[in-house]
Amino acid sequence: MKKFKFNITHKCKDSKARCGIIETLHGNVETPIFMPVGTLATVKFLSPEEIKEIGSGIILSNTYHLWLRPGADIVEKAGGVQKFMNYNGPMLTDSGGFQVFSLSKHRKISEEGVTFRSHLNGDKLFLSPEKSISLQNQIGADIIMSFDECIPYPADYQYAKTSVERTLRWASRGLNAHRNPNQALFGIVQGGEYEDLREHCAKELVKMNFDGYSIGGTSVGEDKATMYKMIDFSIKHLPEDKPRYLMGVGAVNDLFEGVERGVDMFDCVLPTRIARHGTLMTGEGRINIKKATYKEDFTPLDTKCDCYTCKNFTKAYLNHLFRCNEGLGDRLCSIHNLRFLLNLMEGIRKAIKEDRFLEYKEEVYKTLKFDERGF
RNA sequence: GGAGAAGUAGCGAAGUGGCUAAACGCGGCUGACUGUAACUCAGCUCUCUACGAGUUCGGUGGUUCGAAUCCGCCCUUCUCCA
């Protein structure tokens, strides 16, 4: 008996947005949800208590990275990733498929799998669908991903087609290799910017009957309009009653556009990464706290934000911490950016339940001063 | 009082006749970041009427076609000895 369940609790009347609940062994999650990324079994700079405090429902970790360090066997011996990092909430692991893209200079793809050169020490590593699933079984997250190839944009049609076919074979192999019924396994729709490939990929995955479906291959350099098309091309062939996860997306307007199209889950390094680099998401748009203008600004980052950082610290102090390269700055800014997005998702869920998602979207778009990046 | 050593852009520090408006680091200023090789990366940082021009290497006077680089004098700092 699987411990994973997804129930839709409310459907938006004038868009494809919906609210739901994902049930896992480690707790329930309300959707649509934004998942903070904790690649190495840590959301960089945040303690598990802080992750909980910002209202995170589920976090993500990475197979490739944990495989390299400390090793999936060690995570398994620790009692699984949740116990290992002392985080007792729901977790998801990515398969390493994104590293096929992001470490493209260090890998070689074959039908069997992908040979990587470790980014740490140059070791030759081999990741296959079976290996990725087996590692994820060991790591023990509640939701795991198929091993896919995330292709770049733009992609040559023939290449995208060949890649999609292979990703489909990999998905099937991964499904057969999956050994832990307590872990939900998601298939990943690829196909680049091509409608027919996305359709084909989605339909074939649905035939395999995964627990949920991810939309991959987005936010790899394409423009917004293309990304939204990729979502449309994929999502319309996915079943209503399974969760849809748009991978690697976290710019504010992308979250709205995704939800409007029926996406239930998002993850993104953006809020935490830019926080560490001094960029903050606020009601006024993105600000860079390192700028000289904040040196004597003794007001909070965002007066409307209820996060620990905004309730207790000033821009001048954050500016100071960044100038001194003090880790507390990275931490406080990460807390804020994550809370900002999670707040936004709470607002989105509430609006959907009240049948006013599109109104809410319009309100937020009016209030937040979006730039062309969508913040 | 005597003997040495040194003074280079905001700071530290290379450079000892032309390829030097002057390496590099820090600091400063901007920008980027979307399933994390990311507390990272990129650009700018003498002045201006700025795809060009003008003034620089403690000061000043020389040598030379040409000087941050060689010579004289002056100023300042440091170390050691009295």
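Naming: A, B, ... by sequence-line order, numbering from 1 per chain.
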Counting side-chain heavy atoms from C-beta on, which of [options] comes nearest to [X]?
X: A/Thr39; options: B/C39, B/U34, B/U36; result: B/U36
X: A/His65; options: B/G35, B/U36, B/U30; result: B/U36
X: A/Lys290; options: B/C33, B/U34, B/A32; result: B/A32
X: A/Arg323; options: B/G28, B/G31, B/C39; result: B/G28
X: A/Lys291; options: B/U34, B/U30, B/A38; result: B/U30
X: A/Leu270; options: B/U36, B/C33, B/C39; result: B/C33
X: A/Asp148; options: B/U36, B/G35, B/C33; result: B/G35

Starting at [atom1] of [X] and ending at [atom2] of [N], how long is that distance when rounded to a whole Å?
X: A/Ile59; N: B/G35; atom1: CD1; atom2: P; answer: 16 Å
X: A/Asp330; N: B/C39; atom1: CG; atom2: C1'; answer: 5 Å
X: A/Ile188; N: B/G35; atom1: CD1; atom2: C1'; answer: 8 Å
X: A/Met227; N: B/G35; atom1: CE; atom2: C1'; answer: 12 Å
X: A/Phe34; N: B/U34; atom1: CZ; atom2: P; answer: 13 Å
X: A/Phe322; N: B/C29; atom1: CZ; atom2: P; answer: 14 Å
X: A/Leu46; N: B/U36; atom1: CG; atom2: C1'; answer: 14 Å
X: A/Arg276; N: B/A32; atom1: CZ; atom2: P; answer: 17 Å

Tell me the partner of [N], counting only Watson-Crick (N1-N3 plus N6-O4 or O6-N4) or G-U wobble (N1-O2 and O6-N3) with both under 3.5 Å; none if nothing fits.
N: B/A21; value: none
N: B/G61; value: B/C71
N: B/A13; value: none
N: B/C78; value: B/G4
N: B/G66; value: none
N: B/G31; value: B/C41

Which is true for [X] with a 4.0 Å heavy-atom rule: it touches a base, it touches only sugar-phosphate, or it touches nothing?
X: A/Gly327; result: nothing
X: A/Gln99; result: sugar-phosphate
X: A/Glu222; result: nothing
X: A/Thr272; result: base
X: A/Asn62; result: sugar-phosphate
X: A/Thr279; result: base
X: A/Ala292; result: sugar-phosphate
X: A/Gly329; result: nothing
X: A/Asp267; result: sugar-phosphate

Side chains of A/Gln136 and A/Asp94: do they bring a donor and an acceptor to under 3.5 Å?
no
Tell me yes or no: between the side chains of A/Ser47 and A/Glu50, is some donor less than 3.5 Å from an acceptor?
yes
For atom [atom1], what is the distance between [N] and [M], given to the nearest Å?
N: B/A3; M: B/C73; atom1: P; result: 14 Å
N: B/G59; M: B/U20; atom1: C1'; result: 22 Å
N: B/A38; M: B/C46; atom1: P; result: 33 Å
N: B/C19; M: B/C71; atom1: C1'; result: 26 Å
N: B/U40; M: B/C26; atom1: P; result: 11 Å
N: B/G2; M: B/C74; atom1: P; result: 13 Å
N: B/G72; M: B/A23; atom1: P; result: 30 Å
N: B/G27; M: B/U34; atom1: P; result: 25 Å

Hey, does the Lys NZ or Arg CZ of A/Lys52 hover above the aromatic six-ring of A/Tyr87, less than 6.0 Å from the centre and inside 45° of the axis?
yes
Answer yes or no for A/Lys361 and A/Tyr365: cation-pi contact, defined as NZ/CZ to six-membered ring centre under 6.0 Å and angle to ring axis within 45°.
yes
Along RNA chain B (nearest heavy atom to each residue), the more 5'-positioned of A/Asn325 and A/Thr218
A/Thr218
Should A/Glu53 and A/Arg339 count as an ion pair when the cut-off is N to O under 4.0 Å?
no
Would A/Glu112 and A/Arg173 pass as an ion pair if we require N to O under 4.0 Å?
yes
Please check if atom CD in A/Glu296 has more than 12 non-hydrogen atoms from other residues, nucleotides or ligands closer than 6.0 Å.
no
Pi stacking test for A/His277 and B/U40: under 5.5 Å apart, planes under 30°:
yes
Which class fits the ring pair A/Phe101 and A/Phe98: parallel under 30°, tilted 30 to 60°, perpendicular over 60°?
tilted
